[in-house]
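All remarks here apply to the structure that follows.
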Amino acid sequence: QVQLAESGGGLVQAGGSLRLSCAASGRRSISSVHMGWFRQAPGKEREFVASIAWNGDNSYIADSVKGRFTISRDNAKNMAYLQMNSLKPEDTAVYYCAAQRFGVLATTVRNYDYWGQGTQVTVSS
């Protein structure tokens, strides 16, 4: 199993930046799982943001955040990160870190097996 805990959310003005962190722990090595970031606004489906392969050799970024957000990981530190720049009000959501055990790197909620509790990101205009 993998336990995940997000941090770094908060309130920021449009155009600002935030860096989200995801700390992983548990019996399964973080190096054995793909990592992803998703977000969910009130009344909306959980939405893919970014994902990165177990060894960092492949990643995907949602079109809505491409050029503004960057996903990274540091397996030695048991951490994954989401750097968010040029934030927009429509980025406001609860952001979740997730881990995928099997298969090719995915971009859908159903392929992820472990989830953090979420961290709120609010972007004001």
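Under the 4.5 Å side-chain heavy-atom criterion for Ile, Leu, Val, Met, Phe, Trp and Tyr, Leu87 and Val49 are members of the same hydrophobic cluster. Criterion: ILVMFWY side-chain heavy atoms under 4.5 Å apart, direct or through other members. Under it, Trp37 and Tyr114 are part of a common hydrophobic cluster. Val2 is not connected to Val109 by any chain of hydrophobic side-chain contacts under 4.5 Å among Ile, Leu, Val, Met, Phe, Trp and Tyr, and they are in different clusters. In this structure, Val65 is not a member of the same hydrophobic cluster as Tyr81, with clusters built from ILVMFWY side-chain heavy atoms closer than 4.5 Å.
Closest heavy-atom contact between Arg68 and Ser64: NH2-O, 3.0 Å. Residues Phe102 and Gln100 share a closest heavy-atom pair of O-NE2, 2.8 Å. The minimum heavy-atom distance between Ser86 and Ser17, with the atom names listed, is N-OG, 4.3 Å. Across Gln117 and Ala5, no two heavy atoms sit closer than the pair OE1-CA, 3.6 Å. In this structure, Ile61 and Ala50 approach most closely via the heavy-atom pair CD1-CB, 3.6 Å. Between Gln3 and Gly26, the shortest heavy-atom contact is OE1-CA, 3.3 Å.
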Pair Arg73, Ile30 - check side-chain contact (heavy atoms from CB on, under 4.5 Å), show working. CA-CA 10 Å; Arg73 67 188 298 160; Ile30 189 173; 3.6 Å; yes

Show your working on side-chain contact (heavy atoms from CB on, under 4.5 Å) between Phe38 and Thr107 and close with a plain yes or no. CA-CA 9 Å; Phe38 296 78; Thr107 60; over 6 Å; no

Hey, mind stepping through Tyr96 and Arg46 against side-chain contact (heavy atoms from CB on, under 4.5 Å) and telling me if it holds? CA-CA 9 Å; Tyr96 296 91; Arg46 193 163 297 187; 3.5 Å; yes

How far apart are the C-alpha atoms of Phe48 and Tyr60, what are their side-chain angles, what is the distance that settles it, and do they pass the side-chain contact (heavy atoms from CB on, under 4.5 Å) test? CA-CA 10 Å; Phe48 170 76; Tyr60 296 115; 3.9 Å; yes

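The structure places CG of Asn111 at 9.5 Å from CG of Leu105, a figure rounded to the nearest 0.5 Å. Atom CG of Leu18 and atom CG of Asp91 lie 10.0 Å apart (nearest 0.5 Å). With values rounded to the nearest 0.5 angstrom, Cys22 atom SG is found 15.0 Å from Tyr95 atom OH. Atom CG of Asn58 is separated from atom CD1 of Ile52 by 9.0 Å, given to the nearest 0.5 angstrom. Here the CD atom belonging to Glu90 is positioned 10.0 Å from the OG atom belonging to Ser125, to the nearest 0.5 angstrom. With rounding to the nearest 0.5 angstrom, the OG atom of Ser31 is 11.5 Å from the CG atom of Asp74.
Between Ser51 and His34, the closest side-chain pair of non-hydrogen atoms is not below 4.5 Å. Here the side chains of Lys88 and Val123 are not in contact, with every heavy-atom distance at 4.5 Å or above. Here the side chains of Gln120 and Thr92 are in contact, with some heavy-atom distance below 4.5 Å.
Of the possible polar contacts, one joining the Tyr112 side chain to the Ala106 backbone as a donor-acceptor pair under 3.5 Å is found. Under the 3.5 Å distance criterion, the side-chain polar atoms of Glu6 are matched with a main-chain donor or acceptor of Cys97. Of the possible polar contacts, one joining the Asp113 side chain to the Arg101 backbone as a donor-acceptor pair under 3.5 Å is found.
Of the residues Gln83, Arg39, Met84, the one that meets the side chain to side chain contact (heavy atoms under 4.5 Å, CB included) test with Leu20 is Met84.
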